[in-house]
Amino acid sequence: MKYVSAMASLPKGQVDPNRAVIDTAAAPLRRVADLPPGSPDHRSQTSDPQLSAGAALFARLKAVGVDYVFANSGTDCPPIIEGLSEAKSRDLALPETLLITHEHAAVGMAHGYYLATGRAQAAMLHTNVGLANAATGAINAASDRIPMILMSGRTPATERGHLGSRTFPIGWGQEMRDQTALVREACKWDYELRFPEQVAEMIDRAYAVATSSPKGPVYISLPREVLCAPCARSAALQPVTMRATAAAPRAADMERAATLLADAQAPVIFAQQGAGDDAGFAALSRLADQWSIPVCQYWAVATALPTGHPCHVGPDPEPWLSQADVVLVIDSLAPWAPESHAPPPDATVIQMGPDPLFQRVPIRNFKSDITITCETSTGICMLDGAMAALGEHNRLARARRRAAIEAFTAAARAADADAARATEVMSKAYVGRCLSEAIADFDPVVLSELGCPLEQLVLRRHDSWRQEPHSGGLGWSFPCALGMQLADRERLIVATMGDGSYIFSNPVACHQIAEALALSILVLVLNNGGYGAVEKSVVEHYPEGHAAAGNRVPLTRIDPAPDFTKIAAASRAYAARVDRAADLPGALREALTHVRERRQQALLEVIIA
Ligand SMILES: Cc1ncc(C[n+]2csc(CCOP(=O)(O)OP(=O)(O)O)c2C)c(N)n1
Ligand SMILES: [Mg+2]
């Protein structure tokens, strides 16, 4: 049944008679059957091919480049589900739509899919409640600057009289004054669909804004009556109207940065978010190597250099920062902790990246003498080129630095190896080293959410490691791994996480999704019986305090713990528990056999100190 607006109520000359227009504010909707036969409104509704707005929505998502809509449905969805079926029956090109059984997982999968492909995806959520479940994932996506289109239904505005009006109490129960407020701070842009014919241009704009630099999630709210209304098919299928933009640096700033770094006596580079892509990774490796500049990854989220690179000095800003004369900060939210570290007051600090001042963060006062807005990889490549053009600068200083860096990294790697020794109760370091050996022959991606430490892994690619975003919304790594595996079924994806983080991920939903979509990831749960990070934080704040003096720091133990292997086994995963250090290498081999050869998801619960 088709509904159109009463066009008589719209000012003359403002309406394209070939389009169905809905004016939700002013005009009551009328059924096509109620229009006088032969009237222009009736003709425009019956002779012009039309689509429901719900159908147009999916076709448009495909047109802009969305491969998957990670969806969780609800009573706001009839026009969406009907629209999808309608679009299918009309042979429109559509994205894959997947039922994802928890919204947190839906957004986490879009996050992982983007990391694996560089292609932004969409999540369809149920009104305010589904959106609330997705909010942590949206905060994480914003922190990692992951573009995606988040959409949720809006409870019907009308209480009667329209297709899509409220039908039972949930229509009132889910009403909010400002539904978008649930995710607005995590989103770059948001909009509530008002007219069905806006669908195409709204999606074009949403996608272009999300994927423009600095990238991030956007949100669209979709009222049910508007989705039920028709729009012109031709408008929905017109060519995409808007394309994304990228950041480009000012050449003069780049040259100044290159000269400063080349002339420096004690330069240092910070790069928390990695090097952007293969080209950026190779350029940073070359630049650091040729100029003998230490690269520090304090609280790394992604790898910026191969882990074995001679200039990869690890996570500690000392001794480099306190002696530096030139500091290059590449896309790092908090490159060091001002409470503990600082560059000398006269050091020159260069900050570069897609949003080098992190403009949405209210307080972030890291000095920036030269500020360069650029895509990370492009900026590194340009800097590498500009420095290479300077030739044989500073050769003596480079050689001196090289010797100091190599002595430092040799000692640091010996200490890492020592920390990874097998002990009676396993450490995270030991698990990390065993994992690294077990996966050495693959081209893995390792995710760590309070899981295996970067220092213990041998990694060679820019995209072979991710840590949880700095927003710290736990439960991120499991769904992120699922999204990565969906994007690349041949790659080995290993999600390593704490027992707390595993529970935050809604593991029942995640294992169900892995089975339903045949995503054979390996999950390592490092079980220390609770919230080790919280406990550590309490003891560091109050080393002589009452909490530290007691047997147990309150509010940090998961006791009794569930049997993690049974949660996985409920979805027919391969699952095993490892208590003894000596058993871990064999257990990893066995789990990998299931993952690689039998294409079965696997979980190892590893008991650690
Ligand atoms: C959604 C969410 N809730 C709570 C926290 C606070 N938090 C930070 S670390 C942590 C403990 C994590 O425990 P686990 O994953 O087992 O790692 P562990 O610290 O024990 O190594 C918690 C609860 C958070 N970051 N995110
Ligand atoms: Mg724990």
Side-chain angles (χ1 to χ4, degrees), residues 102-108 111 131-144 182-183 185-186 299-301 315 333-334 337 419-420 423 425-435 446-457 466-481 494-510 523-541 547-548 552-565 567-568 577-579 584 603-609:
H102 196 285
E103 294 85 352
H104 182 72
V107 179
H111 194 135
L131 188 61
N133 275 352
T136 300
I139 291 168
N140 285 340
S143 177
D144 270 359
L182 289 167
V183 292
E185 286 219 36
W299 278 87
V301 168
L333 173 66
T423 39
V425 190
M426 286 178 269
S427 64
K428 287 188 184 182
Y430 172 74
V431 180
R433 183 128 320 197
C434 291
L435 174 68
V446 179
L447 304 181
S448 177
E449 188 176 20
L450 295 147
C452 293
L454 178 57
E455 294 76 56
Q456 301 301 341
L457 303 173
R466 290 299 294 198
Q467 181 164 298
E468 79 276 3
H470 287 140
S471 48
L474 292 184
W476 158 87
S477 59
F478 196 163
C480 183
V494 186
T496 74
M497 66 198 79
D499 48 334
S501 297
Y502 175 76
I503 295 174
F504 278 116
S505 74
N506 298 293
V508 172
C510 287
V523 173
L524 288 194
V525 179
L526 307 194
N527 184 356
N528 58 6
Y531 296 165
V534 179
E535 186 176 335
K536 185 163 171 267
S537 174
V538 174
V539 174
E540 280 172 2
H541 269 77
R552 289 178 148 204
V553 174
L555 300 179
T556 60
R557 298 288 84 203
I558 300 176
D559 188 15
D563 181 337
F564 293 97
T565 62
I567 302 173
R577 179 182 153 121
V578 188
D579 297 279
L584 184 59
L603 175 141
L604 285 185
E605 178 190 350
V606 185
I607 307 303
I608 61 165

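All ligand and atom numbering here is 1-based and tracks the order in the structure.
At a threshold of 4.5 Å between non-hydrogen side-chain atoms, the residues Asn133 and His104 do not count as touching. Looking at heavy atoms from C-beta onward, Leu526 lies in side-chain contact with Cys452 at the 4.5 angstrom threshold. Proximity of Val523 to Phe478: side-chain heavy atoms (C-beta onward) are separated by under 4.5 Å at one or more points. In this structure the side chain of Asn527 never reaches within 4.5 angstrom of the side chain of Tyr502, judged on heavy atoms. Considering only heavy atoms from C-beta on, Tyr531 stays 4.5 Å or farther from Leu555 through its side chain.
For Asp144 and His111, the side-chain atoms include at least one donor-acceptor pair closer than 3.5 Å.
A perpendicular orientation is assigned to the rings of His470 and Trp299, their planes being inclined by more than 60° (bins at 30° and 60°).
Put simply, OG1 on Thr136 and CD on Glu103 are 11.5 Å apart, with the number rounded to the nearest 0.5 Å.
Legend: protein N/O/S atoms lying under 2.8 Å from the Mg ion (ligand 2), waters omitted, number 3.
A salt bridge is absent between Arg552 and Glu535; no separation between the charged side-chain nitrogens and carboxylate oxygens falls under 4.0 Å.
Contact shell of ligand 1 (protein heavy atoms, cutoff 4.0 Å): Lys428, Leu450, Gly472, Leu474, Gly498, Asp499, Gly500, Ser501, Phe504, Asn528, Gly530, Tyr531, Gly532, Ala533, Val534.
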